Amino acid sequence: MISALLRVIHAGPLVSIQDGGRDGHMRFGVSASGPMDRTSFAIANTALGQPEGATGLEVSLGGLVLECKQGAVSIAVAGGGFSVDCAGVKTTAWTVQTLHEGEKLTIRGGAWGSWTYLTFAGDLKASKWLGHTATHSMSGFGGGALRSGQDIEIEDAQIRNDRTGDIPCPAFAQPDGQARVVVGPQDQHFAPSSVATFLNTPYKLTDAFDRMGVRLNGPQLKLNEALSIPSEPILRGSVQVAGDGVPTVLLADHQTTGGYPKIATVISSDLDRLSQMRAHDSVAFTAVSPEDAISIVRAEARQRRAYLDELAKPRPSLNERLLRENLIGGVISGAED
């Protein structure tokens, strides 16, 4: 039984269905995919009381317009500085609202960020591949990219008035133009001056930016000599350098093996913020040791966990909020003053 039905009025490029990603298949040549900004995706789900990896929508700068054709459902939008119009109520992203039959939801790019996430208080029905709805952009496997005229079904849709309102946007979800990297594993094949250049000269993200990766614009990174290395496993965040000396940071839908030398790897806790940068933004890379990288990632994971645990708590009702206030004490205190 369908409890909410939404019609896609408009979907920009790279607007797709995603879940937490299909980990564990890279040895078979299958990318994990999942959200470009995993932190914001988890926040959007948690704000509704959903599991962090529950199926939702990744919205690009191209935007998204939905119309509720049947039922009602609470929604959350988190990630970037996108603008949101829910039934005529205009807000930024980082909000929980409810969409009723006949109402429209419009999401557009805003002041910052490249991706935002729309999640639902219910079960978004979508095709699965290898047990996950996460969409791989090049193959289309998974739930798929959204298209105009498509209907979206939300089963067990709920109205969560106990969660309506703003979502606090944490500093760790906002890009700052910095990215820490562990140098290598093929840095020995680059001229020493190239490694120094990569770490001391800001690069700009180019328009060659999609779910597979983003090419950078800046000084060329020359190799010591012509090099052809055997194809080997690569990770999200790897910085590959092609024969033209141009570095590329690999992102959510990256290939699982590659033969280009890698000058560095962006640490996982900085990768979501880098993914939220836009074409022509500048990024500065800073080297950290593998040991420091582990410490940084663990510390930020604890911070993220504390934030999500607090966000997962339903908001108190008005009566509960009033009971928490010592109203009589406040009146007496004011009288005495």
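Keep in mind that what you see is a predicted model, and the values were worked out from it rather than measured. Both backbone and side-chain heavy atoms feed into the values below; hydrogens, waters and symmetry mates do not.
The neighbour count for Arg180 CZ, taken as heavy atoms of other residues, nucleotides or ligands under 6.0 Å away, is above 12. Counting heavy atoms of neighbouring residues, nucleotides and ligands inside a 6.0 Å radius, atom CZ of Arg147 does not exceed 12 of them.
Atom-to-atom distance recorded for Ile107:CD1 and Leu64:CG is 5.5 Å, nearest 0.5 angstrom. Rounded to the nearest 0.5 angstrom, Thr46 OG1 and Phe41 CZ are separated by 10.0 Å. Phe209 CZ to Ser60 OG: the interatomic distance, rounded to the nearest 0.5 Å, is 10.5 Å. In this structure, CD in Gln97 is found 15.0 Å from CZ in Arg160, a value given to the nearest 0.5 Å. Taken from OG in Ser74 to NE2 in His100, the straight-line distance is 7.5 Å, to the nearest 0.5 Å. Atoms CD and CG, from Gln150 and Leu66 in turn, are 10.0 Å apart once rounded to the nearest 0.5 Å.
Put simply, the residue from Glu232, His189, Gln240 that forms a side chain to side chain donor-acceptor pair (under 3.5 Å) with Lys262 is Glu232. Of the options Asp207, Asp244, Asp210, a salt bridge (Lys or Arg N to Asp or Glu O under 4.0 Å) to Arg215 is made by Asp244 and by none of the others.
No donor-acceptor distance shorter than 3.5 angstrom exists from the side chain of Glu310 to the backbone of Tyr307, with no hydrogens or angles considered. Gln18 places a side-chain N or O within 3.5 Å of a backbone atom of Thr135 that can act as its donor or acceptor partner. Between the Asn224 side chain and the Gln188 main chain, a donor and an acceptor come within less than 3.5 Å of each other. Counting only distance, with no hydrogens or angles, the side chain of Ser295 and the backbone of Glu291 share a donor-acceptor pair below 3.5 Å. Judged by distance alone, the side chain of Asp85 and the main-chain N or O of Thr106 form no donor-acceptor pair under 3.5 Å. A donor-acceptor pair is defined here as one N or O able to donate and one able to accept, closer than 3.5 Å; such a pair exists between the side chain of Thr116 and the backbone of Gly79. Not one N or O on the side chain of Asp37 forms a donor-acceptor pair closer than 3.5 Å with the backbone of Gln276. With Asp272 contributing its side chain and Arg38 its backbone, the two residues share a donor-acceptor pair below 3.5 Å. Under the 3.5 Å distance criterion, the side-chain polar atoms of Ser31 are matched with a main-chain donor or acceptor of His254. With Ser137 contributing its side chain and Arg211 its backbone, the two residues share no donor-acceptor pair below 3.5 Å.
Grouping the Ile, Leu, Val, Met, Phe, Trp and Tyr side chains by contacts below 4.5 angstrom, directly or via other members, places Leu146 with Leu105. Hydrophobic clustering (side-chain heavy atoms under 4.5 Å, transitive across Ile, Leu, Val, Met, Phe, Trp, Tyr) groups Leu251 together with Val283. A continuous path of hydrophobic side-chain contacts links Val241 to Leu205 [ILVMFWY only; heavy atoms under 4.5 Å]. Linking Ile, Leu, Val, Met, Phe, Trp and Tyr residues whenever their side-chain heavy atoms come within less than 4.5 Å places Trp115 and Val266 in a single cluster. Note on Ile43 and Phe120: separate hydrophobic clusters, where clusters join Ile, Leu, Val, Met, Phe, Trp and Tyr whose side-chain heavy atoms are under 4.5 Å apart, directly or indirectly.
Between Ile263 and Val195 the shortest side-chain heavy-atom distance falls below 4.5 Å. Looking at Phe198 and Val239, their side chains come closer than 4.5 Å, going by heavy atoms from C-beta outward. Between Arg236 and Leu271 the shortest side-chain heavy-atom distance falls below 4.5 Å. Within the 4.5 Å cutoff, the side chain of Val181 has no heavy atoms near those of the Thr265 side chain. You'll find the side chain of Arg22 reaches within 4.5 Å of the side chain of Val30, heavy atoms only. For the pair Thr197 and Ser194, the minimum side-chain heavy-atom distance is 4.5 Å or more. Side-chain contact between Leu61 and Phe82 is present, with at least one heavy-atom pair separated by less than 4.5 Å. Put simply, the side chain of Glu58 does not reach to within 4.5 Å of the side chain of Val15, judged on heavy atoms.
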Item to complete: Start with the C-alpha distance between Trp94 and Ser40, add both sets of side-chain angles, then the distance that settles side-chain contact (heavy atoms from CB on, under 4.5 Å), and finish with yes or no.
Response: CA-CA 9 Å; Trp94 307 92; Ser40 294; 3.9 Å; yes
Fill in: Trace of the side chain to side chain donor-acceptor pair (under 3.5 Å) decision for Asp19 with His132
CA-CA 7 Å; Asp19 64 9; His132 289 271; 3.1 Å; yes
Worksheet item: For Val96 and Leu48, what are the C-alpha separation, side-chain angles and deciding distance, and is it a side-chain contact (heavy atoms from CB on, under 4.5 Å)?
Response: CA-CA 8 Å; Val96 174; Leu48 286 171; 3.7 Å; yes
Discussion item. Let's go through Leu124 and Leu57 carefully: what are the C-alpha distance in whole Å and the side-chain angles of both, what is the deciding distance for side-chain contact (heavy atoms from CB on, under 4.5 Å) to 0.1 Å, and is it a yes or a no?
Written reply: CA-CA 9 Å; Leu124 191 162; Leu57 302 180; 3.9 Å; yes
Worksheet item: Which is it for Cys169 and Gln174 under the side-chain contact (heavy atoms from CB on, under 4.5 Å) test, yes or no, and what are the steps along the way?
Response: CA-CA 8 Å; Cys169 177; Gln174 303 174 44; 3.6 Å; yes
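When every heavy atom of Val297 is checked against every heavy atom of Ser269, the shortest pair comes out as CG2-OG, 3.8 Å. Here the shortest heavy-atom pairing between Trp112 and Pro175 reads CZ3-CD, 3.3 Å. Thr119 and Ala44 get closest at one heavy-atom pair: OG1-O, 2.8 Å. Leu235 and Leu250 get closest at one heavy-atom pair: O-CB, 4.2 Å. Of all the heavy atoms in Ile234 and Gly258, the pair that sits closest is CD1-N, 4.1 Å. Smallest separation of non-hydrogen atoms from Tyr203 and Pro247: CE2-CG, 3.9 Å.
Contact check on Lys69 versus Glu103 returns no salt bridge, with no Lys/Arg side-chain nitrogen under 4.0 Å from an Asp/Glu carboxylate oxygen. Between Glu153 and Arg7 there is no salt bridge, since no side-chain nitrogen of the basic residue lies less than 4.0 Å from a carboxylate oxygen of the acidic one. Salt bridge status for Asp281 with Arg278: absent, with no side-chain N to carboxylate O gap under 4.0 Å.
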